[in-house]
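Values below: every heavy atom of this structure, side chains too, minus hydrogens, waters and symmetry copies. The structure presented is a predicted model; accordingly, all values stated were derived computationally and were not measured. Quick note on labels: first sequence line is chain A, next is B, and so on, each numbered from 1.
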There are 2 protein chains.
Amino acid sequence: MSETVAKGADAKENGAKDSGGKDDSSPGHIRIKNRALILTAAEEVFATQGYRGATTAAIAQKAGLPKANVHYYFGTKEALYHAVLEDILGLWLGELDRITEDSEPATALAAYIRAKVRHSRERPLASKVYANEMIRGARHTRDFLKNELRNLVKEKAKVLEAWAKAGRIEPVEPIHLFSVIWAATQHYADFEVQVGALVGRRQLAAKDYDEAAETVVRLVLRGCGLPYQPGIGS
Amino acid sequence: MSETVAKGADAKENGAKDSGGKDDSSPGHIRIKNRALILTAAEEVFATQGYRGATTAAIAQKAGLPKANVHYYFGTKEALYHAVLEDILGLWLGELDRITEDSEPATALAAYIRAKVRHSRERPLASKVYANEMIRGARHTRDFLKNELRNLVKEKAKVLEAWAKAGRIEPVEPIHLFSVIWAATQHYADFEVQVGALVGRRQLAAKDYDEAAETVVRLVLRGCGLPYQPGIGS
DNA sequence: TCAAAACCTGACCACTTGGTCAAATTTAAT
DNA sequence: ATTAAATTTGACCAAGTGGTCAGGTTTTGA
């Protein structure tokens with residue numbers, strides 16, 4: 001935000017997730033590698049310690065770099081947090097593509113739910129950072145919620161209404177349907193320890209996620225007046 | 001935990017919620033009043049700032065007391081956090097009483113869900129503190145999860161199985177059914193701002209909570225193979 | 001009335017935290 | 001080879017942070 005931030009922390013974008021594999025010589029490869037290292041470490045520390053509990057020192061240590069290096073690339077802790085969130089918001093919107101007017105309601109909804117559960121299993125830290133951000137009032141995410149997310153939901157609401165008008169599902173309140181789906185699926189990331197305690201395992205097993213997905217798919221399909229059969233949409 | 005904690009912070013229990021109304025003269029009324037003040041303030045600060053982000057100074061200010069006073073009554077920040085959680089865990093277990101073998105499945109489940117939604121509306125801060133605690137790994141709540149909560153769920157699982165055996169509902173995975181119910185209902189407290197952004201209101205209205213409850217009740221009842229009609233269990 | 005117990009609180013402290021910076025080292029491009 | 005740009009990092013700092021404590025005031029019970 002101020003001009004004191006990161007001497008050269010712009011341009012070139014980072015791409016973040018994949019480390020490509022090849023170029024260890026192209027210009028900017030150091031920046032890309034280190035930013036990715038820091039972002040990964042930051043996601044974990046923010047997820048498990050909360051925003052305020054995450055220290056730049058802890059992030060630096062987890063990334064295997066000196067603290068000053070973290071500030072070199074991201075300037076402030078807040079900017080780093082922002083970058084982590086940015087990464088996560090991308091994931092958020094992706095999977096909704098399956099819900100289109102001409103797809104089969106039951107399989108589209110089931111596939112979406114399964115994708116969300118898989119996501120909870122594979123990237124629980126991302127889900128936790130996001131949950132934390134919401135709980136604390138979405139101070140860094142207001143715009144995303146009011147624009148991107150809201151518009152996307154409005155769009156998908158139209159799909160649900162079209163389905164309903166065509167008699168392909170019973171009418172449902174779209175916002176609440178999505179809320180329930182998100183809540184239920186993300187629960188298996190955010191409340192992992194609670195579910196773990198209930199099933200009597202420290203870590204959830206593949207079986208648990210499968211059963212979770214089945215249960216959610218069943219409730220949602222039936223809730224929309226659709227027939228449910230195990231495994232649909234997988 | 002250590003012996004340095006709160007010089008006289010034991011005995012007499014606090015009762016917390018109600019301020020009775022009458023006795024401004026009975027012994028210990030100061031302790032009761034101030035502990036309640038601090039607990040309320042602490043719940044809000046822990047909910048909105050997270051554990052680490054909550055400062056004893058902020059809690060003291062919100063309670064209208066000097067910081068040293070907070071330490072006088074609760075010793076350490078951790079002990080205070082513990083006390084706040086204790087208060088909240090009580091709420092957690094209460095409402096499940098409705099689920100008994102000889103109650104009517106549809107109305108019992110519906111009433112439970114409605115109670116949870118009401119709870120999300122009336123005490124969102126409690127829900128947020130709890131969610132935060134889960135996300136961060138339930139370090140202060142492990143025992144509760146593995147004992148009280150797990151046993152209660154096991155008990156209620158038997159009820160669901162009995163219902164199923166008697167043909168009163170379709171068989172369901174109890175842990176996942178409860179997980180979905182909890183996730184969906186608490187979502188309206190924890191992710192309040194997200195739902196708010198989607199419905200286009202800063203604060204959720206009565207209508208929103210009602211629709212939310214209807215939606216969840218509908219999905220859950222149908223998911224259990226039960227007929228749903230608006231307003232059931234309210 | 002009076003002493004013991006409970007309560008109050010400003011001042012203080014050791015430690016942590018995010019952030020800075022200047023001096024080095026490495027990389028990139030000519 | 002040379003030099004400008006990018007990167008690295010130990011040392012440092014000001015602003016908090018949780019927690020303590022001594023010396024006070026108020027409540028309580030006999």
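A salt bridge between K207(A) and E211(A) is present, with a side-chain N of the basic residue lying under 4.0 Å from a carboxylate O of the acidic one. Using a 4.0 Å cut-off between charged nitrogen and carboxylate oxygen, E44(B) and K128(B) do not count as a salt-bridge pair. Residues R114(B) and E214(B) are paired through a salt bridge, judged by an N-O separation under 4.0 Å between the basic side chain and the carboxylate.
Taking atom CG of residue N69(A) and atom P of nucleotide dA6(D), one finds them 15 Å apart after rounding to whole Å. Atom CZ in F74(B) sits about 16 Å away from atom P in dG18(D), given to the nearest Å. Put simply, CZ on R35(A) is 13 Å from P on dT8(D), counting in whole angstrom units. Protein atom CG of N34(A) is 13 Å distant from nucleotide atom C1' of dT27(C), rounded to whole Å. Residue R31(B) contributes atom CZ, which lies 13 Å from atom P of dT28(D) at whole-angstrom precision. For the pair Y73(A) OH and dG19(C) P, the interatomic distance rounds to 18 Å; values are reported in whole Å. In this structure, OH of Y81(A) is placed 15 Å from P of dG19(C), rounded to the nearest angstrom. In this entry the distance linking NZ of K33(B) with C1' of dC8(C) reads 12 Å, nearest Å.
Distance from the side chain of I30(A) is smallest to dT8(D) among dT8(D), dA28(C), dT9(C).
Residues L149(A) and L93(A) have side chains in contact (heavy-atom distance under 4.5 Å, counting atoms from C-beta outward).
Annotation: cation-pi geometry not satisfied between K116(B) and Y188(B) (NZ/CZ under 6.0 angstrom from ring centroid, within 45° of ring axis).
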Could you run down nucleotides 11-18 of chain C 5' to 3' and tag each one B, S or - for protein heavy-atom contact under 4.0 Å?
-> -----SSB

With a 3.5 Å cut-off and sequence neighbours excluded, list the donor-acceptor pairs that the side chains of residues 136-146 of chain A form with protein atoms.
unit_1	atom_1	unit_2	atom_2	d
H140(A)	NE2	E78(A)	OE2	3.3
T141(A)	OG1	E133(A)	OE2	2.5
R142(A)	NH2	G137(A)	O	3.4

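Regarding contacts with the backbone of dC7(C), a side-chain N or O of Y72(B) is found under 4.0 angstrom from either OP1 or OP2.
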